[in-house]
Amino acid sequence: MQKEEILTRAEHFIALEEQYGAHNYHPLDVVIHDASGVWVTDVEGKRYLDCLSAYSAVNQGHAHPKIREALIAQSHKVTLTARAFRNDQLGPFYKELCEISRYQRVLPMNSGAEAVETAIKMARKWGYKIKGVPEGMAEIIVCAGNFHGRTTTIISFSTEAQYKDGFGPFTPGFKVIPYGDADALEAAITPNTVGFLIEPIQGENGVIVPPHGWLKQVAEICKRERVLLINDEIQTGLCRTGKWFVQDYENVHADILILGKALSGGFYPVSAALADNEVMGVFQPGDHGSTFGGNPLAATVARAALRVLAEENLAENAFEMGAYLRAQLEGIPSAHTKEVRGRGLLIGVELNAEAGGARRFCEALRDRGVLAKETHVNTIRFAPPLVITREEIDWALEQIRPVLMMP
Ligand SMILES: *Cc1c(COP(=O)(O)O)cnc(C)c1O
């Protein structure tokens, strides 16, 4: 007789993923069925406070009603024209994003990695056409510990061995320097350097905050040396750290700003590379594009996502709630905690090497109803949706305290 295994609902969905999906992720075993604001509910009806926010894509909170309404309304009109024709959502989206970010032009894409690729192509072409770098010689400087996405070119300059293993040959033209080191940048620049690609806080590397003043300093070096500063704020931007962009903290206006994730509030992939006229002007019709980039559904969703960030003062809330959460986390007398760091509601709790890795802490948090994910081996990232209230943070802390105090 064949033995029938009785599976819970969650186990059923997990088994399907394991059997039919590629195993390119190692998720926490919580199967989410619906979500609203900072809360998600699993298929068995258990509620969790989401402290990951889909890597900061749902800064506005899950399923924000205003973004949902915009998406549904537009889906009744027109969803995709491709850029062969124009649509009545793209222009207003450009204008609103330019006003918020103080850039002159936008190039819309879908995933973050595509917007990074766009910035790389823009910088190289600017190097050849405007700066006068000899053809094929353009160099872009990047930082150790970077995360800019998963395309073949982007992983070519990753310093994470696993991201590259088995995926060569790699795209040349990149030079790696230590993160947060302005002198290393000066030493690495050559006449062929066209860009310096950075994250103003390294999210995936474990919420690494560079020394104060570094961003301002590298912006000055880039300006002096005629190198484009390319600021990837896909994770840090759009109010996450307590201002619209991290570069606002140091009054920096990078030559290229890259956005994604929360640009759609989690409804739809929308990304963009922004620049001023001289740099964006290198693109001619036919140079670059995307079938879905800038489609009317994406543009509408992004406009609503930006309106929610502004109308609900989510930068201010991230600033205040972030300061509160960080101070409270620092106050937990845990023998495991090595450092609490971050800005706004992008917070990393790095654990000592002897703690046995962050994963077991994330599993214990899940069991108590808080979803957080380890970044790198020893850091727990706390990055809840920016709509979180003080009461919700206090509830989360009641769960986090015993977990950080466990043996
Ligand atoms: C997530 C992320 C990306 C890649 O975005 P995708 O949408 O996953 O392609 C690039 N840069 C940074 C800083 C990110 O956090």
Side-chain angles (χ1 to χ4, degrees), residues 22 24-25 27 51-59 101 107-123 140 142-160 162-164 167 171 174 176 179-180 195-210 215 229-241 244-247 254 256-274 290 292-294 298 301-302 305 342-348 372-376 379 381-383 385-386:
N24 59 328
Y25 275 92
C51 280
L52 181 66
S53 306
Y55 301 97
S56 296
V58 289
N59 286 357
S101 62
L107 197 156
M109 297 296 279
N110 312 286
S111 67
E114 287 174 298
V116 172
E117 291 274 354
T118 300
I120 291 168
K121 288 171 78 173
M122 203 186 312
I140 293 176
V142 301
C143 294
N146 71 72
F147 183 84
H148 297 285
R150 300 290 203 151
T151 64
T152 316
T153 287
I154 294 171
I155 58 150
S156 295
F157 54 83
S158 174
T159 55
E160 187 69 36
Q162 195 201 349
Y163 294 174
K164 305 181 74 158
F167 300 129
T171 306
F174 299 95
V176 183
Y179 187 59
F196 180 41
L197 171 61
I198 60 153
E199 297 153 88
I201 294 174
Q202 288 185 331
E204 292 318 294
N205 197 30
V207 191
I208 308 296
V209 183
L215 190 58
L229 178 62
I230 308 167
N231 185 14
D232 178 351
E233 295 228 26
I234 290 171
Q235 184 161 159
T236 56
L238 301 172
C239 306
R240 168 57 54 190
T241 68
W244 274 94
F245 309 104
V246 176
Q247 66 175 13
I256 305 175
L257 178 69
I258 310 171
L259 301 177
K261 295 200 167 113
L263 191 50
S264 70
F267 275 84
Y268 198 90
V270 186
S271 66
L274 296 104
S290 158
F292 278 81
V301 164
R343 222 159 196 181
L345 280 169
L346 181 59
I347 300 174
K373 189 80 171 71
E374 73 275 13
T375 84
H376 266 229
T379 303
R381 169 172 30 200
F382 291 103
L386 310 183

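Both ligands and their constituent atoms are indexed starting at 1 by order of listing.
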(message) One thing to verify: whether Glu204 and Arg381 come together as a salt bridge, which I'm taking to mean a side-chain N less than 4.0 angstrom from a carboxylate O.
(response) yes
(message) Hydrogens and angles aside, do Ser56 and Arg240 bring a side-chain donor and acceptor to less than 3.5 Å of each other?
(response) yes
(request) With sequence neighbours left out, write down each residue that passes salt bridge (charged side-chain N to carboxylate O under 4.0 Å, His left out) with Glu374, or none if nothing qualifies. (result) Arg359
(request) Could I get the full list of ring pair (Phe, Tyr, Trp, His ring centres under 6.0 Å) partners for Phe174, not counting sequence neighbours? (result) Phe157
(request) Non-hydrogen atoms closer than 4.0 Å to ligand 1: which protein residues do they belong to? List them by chain and number, please. (result) Ser111, Gly112, Ala113, Phe147, His148, Gly149, Glu199, Asp232, Ile234, Gln235, Lys261
(message) Can you see whether Ser290 engages Asn110 through a side-chain donor-acceptor pair at a distance of less than 3.5 angstrom?
(response) yes
(message) My understanding is that only residues two or more places apart in sequence, or in another chain, count here; which of them pass ring pair (Phe, Tyr, Trp, His ring centres under 6.0 Å) with Tyr179?
(response) Trp214
